[in-house]
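Heads up: the structure comes next, in structure tokens.
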Amino acid sequence: MIQVTQKDLMPGVHLTAVHTEKFKTCLLGATLLTSLRKETASLNALVPFVLRRGTGRAPDMEALSAALDELYGGSIEPNVRKKGSVQCIGFTGSFLDDTYTPGREAILEPAAALLGDLLLHPVKEDGGFRREYVEGERANLVDRIRAQVNDKRQYSVQKLIQLVCAGEPAGVDKLGDESSAAAITADGLWEAYWALLRTARVELYYCGSAPLERVEAALAAAFRDLPREETRTAEGVQSVGAHAAPGGPRLEEEAMDVTQGKLALGFRTGGLTAASPEFPALLVMNAVYGGTPTSKLFLNVREKLSLCYYASSMLEKFSGLMVVSSGIEFDKFEAAKAEILAQMENCRAGTIEEWELVGARQSVISALRTTMDAQGRLEEHWLGQAVAELTEGPDELARRVEAVTMDQVVAAARRLELDTVYFLKGREGKAHG
């Protein structure tokens, strides 16, 4: 049995508490929500990694490790995530649930206190961050940004989203860009950190067996030093434009030393997002089209016609986008693109077999119910719901998906519009019209 409570713990600070005795560990999270902006993305992304280097009471990694060891080998990791137009910066920690400690020793309170220390009481030098920590983590951030190009499949999707959402917050990468990251100074980072503490919306999360009153008390004590002199913005997700730009889909090509082409297509969903009443139909439509191993893209473009090495679709549910990702031979560009679009036309025309609909619906339901069995996925779900200002659990969404009809799937497909085609080709590849 899982019981979820959502409430404001203090002004601008929201708590999601998931009470369950299903797991042997408890999960704690503290996340700052702020609008994605090109000017601040890299600064914000660096903050949790510098904070994780030490606190006033545990000033280095060795001391932090010792503090975690005292909590039966708990862990706290920095996180930088992107939910549509919102950048999510903070920590998640996993600890032994009190039910399983020797003598039922309380872990929740000291674990919450350590989490609060990490966010609010960093080790300081000359009134700011320790410069050695900033310089080391800045170099790591630059390396992470540079390394994104190494995964060509993910890189092509990321590049496509940047193209579709150019000039919009959703087009900014969660880590920012290399030049901005490289220019970060210790003083500038300290200013950005305090701006976040003063103005960002704060999402606190707990999943474990402790009663709600104890969770509230532990987290309220741990975060009592959070600055409150400014009103915290409660910006939700801003979806991208509902419709593709006039003039037809854009084609963008990029040449690299690659042996396999990456073809990505970006569709706007006509304004459908996770907050839309029609969202369950969009989930099923995506599964029918390219979201499962029995989808139209997989069975036709890959298996039947051998036009690609892989082909799948995924939803950017907070932004109102659907992205198709495929790996192809360079000379299969036109044929693969045509077949990918042909399968979309089949969805729009209602050329969907009953077994396709049933299988897609069941696949989505299964994925949602599996979320209930993994603490990390539960936290990810509830963070997304908090960002979008929604309260629906995975089980409730699964029940809505169960009721999705063929007509609703077709209606969702008809709202999709192709916006941009991105092709990553070899340096010898020729241009395509």
Side-chain angles (χ1 to χ4, degrees), residues 33 35-37 81-88 157-158 160-172 174 233-250 264-291 297 312-325 340-341 343-350 352 357 360-361 364 368 381 383-392 396-397 400-401 403-422:
L33 308 183
S35 295
L36 259 173
R37 294 188 180 92
R81 288 174 279 185
K82 172 181 172 178
K83 305 288 183 187
S85 55
V86 177
Q87 192 178 22
C88 309
V157 169
Q158 183 179 314
L160 175 77
I161 291 171
Q162 289 172 357
L163 290 167
V164 174
C165 304
E168 302 176 72
V172 179
K174 67 178 182 179
T233 55
E235 292 182 33
V237 168
Q238 307 164 16
S239 63
V240 300
H243 301 290
R250 294 171 294 167
L265 292 80
F267 295 84
R268 294 183 187 252
T269 62
L272 295 182
T273 66
S276 305
E278 305 94 334
F279 181 61
L282 183 64
L283 279 173
V284 177
M285 184 267 145
N286 176 67
V288 167
Y289 178 55
L297 290 185
S312 63
S313 64
M314 65 172 205
L315 294 172
E316 287 284 320
K317 64 181 182 179
F318 301 108
S319 302
L321 296 176
M322 188 178 77
V323 175
V324 173
S325 172
I340 287 168
L341 294 176
Q343 294 305 325
M344 174 56 72
E345 288 307 314
N346 283 338
C347 292
R348 288 195 178 107
I352 301 169
L357 177 66
R361 204 163 41 204
V364 174
L368 288 166
H381 171 84
L383 177 64
Q385 296 298 82
V387 169
E389 300 178 349
L390 299 171
T391 59
E392 188 175 46
E396 297 168 281
L397 181 53
R400 286 207 291 148
V401 168
V404 169
T405 66
M406 182 76 80
D407 287 346
Q408 290 171 328
V409 169
V410 173
R414 287 177 177 168
R415 292 183 67 163
L416 293 169
E417 292 180 56
L418 179 63
D419 182 284
T420 303
V421 177
Y422 169 78

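Across Asn346 and Ile352, no two heavy atoms sit closer than the pair O-CG1, 4.5 Å. Gly350 and Val410 make their closest contact through CA-CG2, 3.6 Å (heavy atoms, listed as atom of the first residue, atom of the second, distance). The heavy-atom pair separating Cys88 from Leu33 by the smallest distance is SG-CD2, 3.7 Å.
Residues meeting the side-chain contact (heavy atoms from CB on, under 4.5 Å) test with Ala275, sequence neighbours left out: Thr273, Leu390. In this view, Gln87 and Asn44 satisfy the side-chain hydrogen bond (donor to acceptor under 3.5 Å, both in side chains) rule, not counting sequence neighbours. The salt bridge (Lys or Arg N to Asp or Glu O under 4.0 Å) search around Glu392 returns Arg400, not counting sequence neighbours. Taking the salt bridge (Lys or Arg N to Asp or Glu O under 4.0 Å) definition, one finds that Arg81 meets it with Glu379, Glu380, sequence neighbours left out. Residues meeting the side-chain contact (heavy atoms from CB on, under 4.5 Å) test with Thr391, sequence neighbours left out: Gln6. For Arg250, the side-chain hydrogen bond (donor to acceptor under 3.5 Å, both in side chains) test picks out Asp419, Thr420, with sequence neighbours left out.
Here Met322 contributes atom CE and Glu417 contributes atom CD; the two are 12.5 Å apart, rounded to the nearest 0.5 Å. Rounded to the nearest 0.5 Å, atoms OG1 (Thr269) and CD (Glu316) are 11.0 Å apart. With rounding to the nearest 0.5 angstrom, the SG atom of Cys347 is 9.0 Å from the CG atom of Leu416. In this structure, CZ on Arg348 lies 8.5 Å from CG on Leu341, to the nearest 0.5 angstrom. Interatomic distance, NE2 of His381 versus CD of Gln385, reported as 4.0 Å (0.5 Å rounding).
Applying the salt bridge (charged side-chain N to carboxylate O under 4.0 Å, His left out) definition to pairs two or more places apart or across chains, those involving residues 271-283 are Glu278-Arg415.
Annotation: side chain of Phe318 is not in contact with side chain of Val86 (no heavy-atom distance under 4.5 Å). A heavy-atom distance below 4.5 Å is not found between the side chains of Tyr422 and Val164. Proximity of Leu315 to Phe267: side-chain heavy atoms (C-beta onward) are nowhere separated by under 4.5 Å. Using a 4.5 Å cut-off on side-chain heavy atoms (C-beta onward), Leu321 and Cys165 make contact.
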**Request:** Show your working on side-chain contact (heavy atoms from CB on, under 4.5 Å) between Leu265 and Met344 and close with a plain yes or no.
**Result:** CA-CA 11 Å; Leu265 292 80; Met344 174 56 72; over 6 Å; no

Please tabulate, one pair per line, all N/O donor-acceptor pairs under 3.5 Å involving side-chain atoms of residues 279-288, not counting sequence neighbours.
unit_1	atom_1	unit_2	atom_2	d
Asn286	OD1	Ser313	OG	2.7

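Lys82 places a side-chain N or O within 3.5 Å of a backbone atom of Ala170 that can act as its donor or acceptor partner.
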